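Because the structure is predicted, anything quoted here is derived from the model rather than measured.
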Amino acid sequence: MTDNNIKISVILSIFGYDGNIFKTLTCLSNQTKAPDELVIVNSIHEIDIDNILEQFRDRLKINYIFSKKRLLPGGSRNLGILKARFPFVGLIDSKTFPVKSWLEDSAKQLNSSNASIIFGKTQYKANFEMQEIFILSTYGKNPVKTVPGTLLLKEATQSLGEFNETVRAGEDLEWKDRIDHSKTIKAEESLKVNMFYNIAPNNIFQEFFRSARNSWASATINAQLNTRILIFGLSCISLMMIAPNWNRFLGGFI
């Protein structure tokens, strides 16, 4: 199959106007390989979909799905994949913005490698020093392998299973762990950065809150187990080192 014959449905998961849907749609409409379908999945909070359809009607073929029931990220992606018309599916959200060659590059890599999944590679960008500190402490300096920016063969999800629909965050980490441990699904990371995430100016405290909330939510599922074990082990070692000198450490405060 040639790259041009790969038909792609892009799944855009949103929650009302959270994020920047217009910038995301603009990035998608400027792709060097246009998506054959854009499935927008939203819930609870209505958006002015008629205005969006009018603005992008000549550039994107949009299938809008709205649920009155609150859909968490995993449920939103699952519904989008279920409704996708084409055999290849791209995953994105309204807070990450693809480079122009995202779909073209991912399709070429998927075709040449015989992989079923090409993960996204997201670069987190800061606007000022405090945001830079937050990004370095949370994501690190290098690009991160992410679900947003992923291109996959739809039939691969049949053996892999769906995203966890019951948690607010961490479902993407658990899904990636399943793929990493799968013996039947071949997956690769994008060869280059294909997504950018910009923290909004003057929004650092919301990012701290969101990060803490997501960490709390993901604690209920089997995600990043090795990291948790490492942190738990280091905490235990620290307590063992402190315990014999407890009175000496606290002596100055009594």
Side-chain angles (χ1 to χ4, degrees), residues 1-14 19-42 49 52-65 73 76-125 143-158 160 163 172 175-176 179 185-198:
M1 180 182 295
T2 64
D3 304 335
N4 291 331
N5 290 331
I6 292 180
K7 299 296 184 181
I8 301 173
S9 295
V10 170
I11 312 301
L12 171 58
S13 303
I14 64 174
N20 192 334
I21 184 174
F22 287 97
K23 183 175 180 179
T24 301
L25 292 184
T26 299
C27 291
L28 289 173
S29 66
N30 291 330
Q31 289 289 298
T32 54
K33 177 178 174 59
D36 299 280
E37 173 191 35
L38 172 61
V39 182
I40 301 177
V41 184
N42 184 27
I49 188 60
I52 291 173
L53 293 175
E54 177 62 24
Q55 287 193 47
F56 293 93
R57 64 186 178 89
D58 295 328
R59 294 181 284 171
L60 294 170
K61 298 176 181 178
I62 298 176
N63 176 18
Y64 179 68
I65 301 173
S76 181
R77 292 195 193 99
N78 290 337
L79 180 57
I81 292 172
L82 178 65
K83 297 295 184 179
R85 295 170 50 207
F86 296 104
F88 294 89
V89 173
L91 301 175
I92 198 171
D93 60 41
S94 61
K95 294 183 179 180
T96 50
F97 309 114
V99 302
K100 283 187 175 183
S101 60
W102 165 45
L103 292 177
E104 181 181 8
D105 291 341
S106 296
K108 287 180 179 179
Q109 184 176 345
L110 190 148
N111 206 18
S112 62
S113 66
N114 293 319
S116 299
I117 299 172
I118 305 296
F119 282 114
K121 182 179 285 187
T122 300
Q123 180 69 65
Y124 290 81
K125 301 180 68 177
V144 179
K145 181 173 75 173
T146 57
V147 169
T150 293
L151 181 66
L152 59 94
L153 186 61
K154 183 178 178 179
E155 67 179 25
T157 61
Q158 297 175 1
L160 179 63
F163 287 92
D172 54 340
W175 188 74
K176 286 190 294 183
I179 294 171
I185 296 176
K186 182 180 179 181
E188 293 183 359
E189 185 177 341
S190 174
L191 297 176
K192 61 179 73 172
V193 171
N194 58 18
M195 306 291 292
F196 287 94
Y197 182 103
N198 292 87

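- Aromatic ring orientation, Tyr124 versus Tyr197: tilted (interplanar angle from 30° to 60°).
- The side chain to side chain donor-acceptor pair (under 3.5 Å) check on Gln158 picks up nothing, with sequence neighbours excluded.
- Atom OH of Tyr64 is separated from atom CD1 of Ile14 by 5.5 Å, given to the nearest 0.5 angstrom.
- For Lys61, the salt bridge (Lys or Arg N to Asp or Glu O under 4.0 Å) test picks out no residue, with sequence neighbours left out.
- Note that CD1 of Ile179 is 7.5 Å distant from CG of Leu152, once rounded to the nearest 0.5 Å.
- In terms of the side chain to side chain donor-acceptor pair (under 3.5 Å) criterion, residue partners of Glu188 (sequence neighbours excluded) are, by chain and number, Gln109.
- Atom-to-atom distance recorded for Leu12:CG and Thr24:OG1 is 6.0 Å, nearest 0.5 angstrom.
- The side chain to side chain donor-acceptor pair (under 3.5 Å) test applied to Glu189 returns no partner, not counting sequence neighbours.
- For the atom pair CG of Leu60 and CD of Glu37, the computed distance is 11.5 Å after rounding to the nearest 0.5 Å.
- Residues passing the side-chain contact (heavy atoms from CB on, under 4.5 Å) test with Ser13, sequence neighbours excluded: Ile11, Ser76, Arg77.
- For the pair Thr150 and Gly120, the tightest heavy-atom approach, listed with the atom from each and the gap, is OG1-N, 3.3 Å.
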Exercise. For Asp105 and Leu191, what are the C-alpha separation, side-chain angles and deciding distance, and is it a side chain to side chain contact (heavy atoms under 4.5 Å, CB included)?
Worked result: CA-CA 9 Å; Asp105 291 341; Leu191 297 176; over 6 Å; no
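- Among residues at least two apart or in separate chains, there is no salt bridge (Lys or Arg N to Asp or Glu O under 4.0 Å) pair with a member in residues 148-157.
- Remark: Phe56 pairs with no residue by the ring pair (Phe, Tyr, Trp, His ring centres under 6.0 Å) rule, at least two apart or across chains.
- In terms of heavy atoms, Trp175 sits closest to Leu160 at NE1-CD2, 3.2 Å.
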Exercise. Under the side chain to side chain contact (heavy atoms under 4.5 Å, CB included) criterion, do Ser113 and Ile118 qualify, and how do the steps go?
Worked result: CA-CA 10 Å; Ser113 66; Ile118 305 296; 4.2 Å; yes
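- The two residues Leu103 and Ala34 make their nearest non-hydrogen contact at CD1-C, 4.4 Å.
- The minimum heavy-atom distance between Pro98 and Leu28, with the atom names listed, is CG-CD2, 4.2 Å.
- Without hydrogens or angle criteria, Asn194 side chain to Lys121 main chain gives a donor-acceptor distance under 3.5 Å.
- Without hydrogens or angle criteria, Trp102 side chain to Gly149 main chain gives a donor-acceptor distance under 3.5 Å.
- Separation of atoms CD1 (Ile6) and CG (Asp36) is listed at 10.5 Å; rounding is to 0.5 Å.
- Here the side chain of Asn30 pairs no donor or acceptor atom with the backbone of Lys100 at under 3.5 angstrom.
- Under the salt bridge (Lys or Arg N to Asp or Glu O under 4.0 Å) criterion, Lys145 pairs with Asp180, sequence neighbours left out.
- Rounding to the nearest 0.5 Å gives a distance of 5.0 Å between NZ of Lys192 and OG of Ser101.
- For Ser116, there are no side chain to side chain donor-acceptor pair (under 3.5 Å) partners, not counting sequence neighbours.
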Show me, pair by pair, the donor-acceptor contacts under 3.5 angstrom made by side chains of residues 80-93, not counting sequence neighbours?
unit_1	atom_1	unit_2	atom_2	d
Asp93	OD1	Lys95	N	2.9
Asp93	OD1	Thr96	N	3.0
Asp93	OD1	Thr96	OG1	2.8

